[in-house]
Amino acid sequence: MRVTLIGGGMIAHDQILPTLYHLQREGRIGAIDVCDRREESLVQLAAAPNLVRAFPGQSFTPRLEPSAEVIASLPPEQLVVVAVPDALHYEVVMTALRHQQHVLCVKPLVLTVRQSIEIENEASERGLMVGIEYHKRFDA
C-alpha cells in the first residue's frame, strides 16, 4: 500500500513519519509521499538528523503540488494520512474519500458533528476505512 502524508509539520516529524518508516522497514507499506505547501518543510523533514540516523536509507517522495492533485493522482484504495491544521481536515478527508482512498486523520477528525456524519456516510458508501490518530493520548 502506498501512503501519502498530507502535511509536513511537527506531528509529521515527531510521530507520523517515524511510524511510517518503521512500517515500511517491516514491509507492511510501500512507497511514502509527503505533500506540503512549503518546500522548506519538505527539505527539513527529509534531512531531519534523528530520522536519517534512525532510518538509514529510507526516504519519501516530496510533493509540492496541491494536496487535491496529489490525492487525485493516486491509484484507488491507498492510504492518505491527514496532518494539516484542524480546520482543513474535512476538505482533505472528503477529497481522499471521493478519490477512493482510505484515510487516517490526526485528531480531531473534524470540527462539527455534521461533518463527521458526512465522512462516515461517504466512507461507508465506498467501502473505505477512516481512522483517527491520537498521538497525544498519553500526555499528562
Side-chain angles (χ1 to χ4, degrees):
M1 176 178 283
R2 178 178 208 98
V3 177
T4 301
L5 171 56
I6 307 296
M10 181 192 69
I11 297 305
H13 174 274
D14 293 351
Q15 298 287 332
I16 298 171
L17 191 56
T19 300
L20 294 177
Y21 278 164
H22 179 73
L23 291 170
Q24 187 182 55
R25 183 167 38 192
E26 290 189 339
R28 296 176 184 258
I29 64 171
I32 301 168
D33 294 333
V34 180
C35 175
D36 197 275
R37 295 181 302 173
R38 298 180 323 142
E39 184 175 14
E40 179 183 341
S41 294
L42 295 171
V43 169
Q44 289 176 354
L45 191 58
N50 59 334
L51 294 176
V52 171
R53 215 174 14 263
F55 302 98
Q58 287 182 263
S59 63
F60 61 85
T61 301
R63 305 289 300 265
L64 278 170
E65 308 95 312
S67 60
E69 289 179 21
V70 172
I71 293 167
S73 73
L74 296 171
E77 299 190 9
Q78 304 305 302
L79 178 62
V80 173
V81 179
V82 180
V84 296
D86 298 352
L88 303 176
H89 288 185
Y90 175 77
E91 178 184 340
V92 177
V93 169
M94 289 300 285
T95 298
L97 293 173
R98 289 178 180 141
H99 285 91
Q100 201 60 30
Q101 302 302 325
H102 298 290
V103 176
L104 176 63
C105 184
V106 299
K107 71 166 186 68
L109 175 61
V110 287
L111 302 178
T112 70
V113 172
R114 188 188 102 256
Q115 290 174 334
S116 68
I117 292 169
E118 289 177 30
I119 288 170
E120 177 186 20
N121 290 338
E122 190 74 26
S124 180
E125 288 174 15
R126 295 174 176 276
L128 296 169
M129 187 259 331
V130 174
I132 304 170
E133 188 271 334
Y134 290 93
H135 58 269
K136 296 180 79 57
R137 89 180 114 194
F138 298 117
D139 283 6

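We're numbering straight along the sequence, starting at 1.
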Out of curiosity, I119 CD1 to S124 OG, how far, rounded to the nearest 0.5 Å? 13.5 Å
Work out which heavy atom in V52 is nearest to a heavy atom in A46; give both atom names and the distance. CG2-O, 3.7 Å
State yes or no: do V93 and Y90 share one hydrophobic cluster built from I, L, V, M, F, W and Y residues joined by side-chain heavy-atom distances below 4.5 Å, directly or via other members? yes
Can you confirm whether E65 is buried at CD, in the sense that more than 12 heavy atoms of other residues, nucleotides or ligands lie under 6.0 Å from that atom? yes
Side-chain heavy atoms under 4.5 angstrom apart, residues restricted to Ile, Leu, Val, Met, Phe, Trp, Tyr: same cluster for L79 and F60? yes
State yes or no: do M94 and L88 share one hydrophobic cluster built from I, L, V, M, F, W and Y residues joined by side-chain heavy-atom distances below 4.5 Å, directly or via other members? yes
Checking Q24 side chain against G30 main chain: does a donor-acceptor pair fall under 3.5 Å? yes
For Q78, which of Q100, H102, R2 qualifies under side-chain contact (heavy atoms from CB on, under 4.5 Å)? R2
Determine whether a donor-acceptor pair (N or O, by modelled atom type, separation under 3.5 Å) exists between the side chain of E120 and the backbone of E118. no
Please examine the side chains of P62 and V34, heavy atoms only from C-beta on, and report whether any two atoms are closer than 4.5 Å. no
Provide the closest heavy-atom pair for L51 versus P18 in the form atom of the first, atom of the second, distance. CD2-CG, 3.5 Å
Taken to the nearest 0.5 Å, the spacing of D33 CG from I71 CD1 works out to 11.0 Å
Check the hydrophobic clustering (I, L, V, M, F, W, Y; side-chain heavy atoms under 4.5 Å; chains of links allowed) and say if V130 and V113 are grouped together. no
Do R53 and N50 touch side chain to side chain, with heavy atoms closer than 4.5 Å? yes
Quick one: CG on L45 to NE2 on H13, what's the gap to the nearest 0.5 Å? 7.0 Å
Just wondering, more than 12 heavy atoms not from R37 lying within 6.0 Å of its CZ? no
Do the side chain of E40 and the main chain of R38 share a donor and acceptor less than 3.5 angstrom apart? no
What do the steps show when you test R28 against H22 for side-chain contact (heavy atoms from CB on, under 4.5 Å), and what is the final call? CA-CA 9 Å; R28 296 176 184 258; H22 179 73; over 6 Å; no
Counting distance only, does the side-chain N/O of H89 pair as donor-acceptor with the main-chain N or O of L109 below 3.5 Å? yes
Can you name the nearest heavy-atom pair linking Q101 to E77, along with the distance? OE1-N, 3.7 Å
What pair of heavy atoms forms the shortest contact from A87 to L111, and how long is it? CA-CD1, 3.9 Å
Heavy atoms of V110 and S116 approach each other most closely as CG2-N, 3.5 Å
Can you tell me how far the CG atom of L97 sits from the CD atom of E125, to the nearest 0.5 Å? 10.5 Å
Which atoms form the tightest heavy-atom contact between G8 and D36, and what is the distance? N-OD2, 2.7 Å
Do other residues, nucleotides or ligands put more than 12 heavy atoms under 6.0 Å from E122 CD? yes
Same cluster (ILVMFWY, side-chain, under 4.5 Å), M1 and V81: yes
If you measure from CZ on R63 to CG on L42, what distance do you get to the nearest 0.5 Å? 11.0 Å
To the nearest 0.5 Å, tell me how far I16 CD1 sits from I32 CD1. 11.5 Å
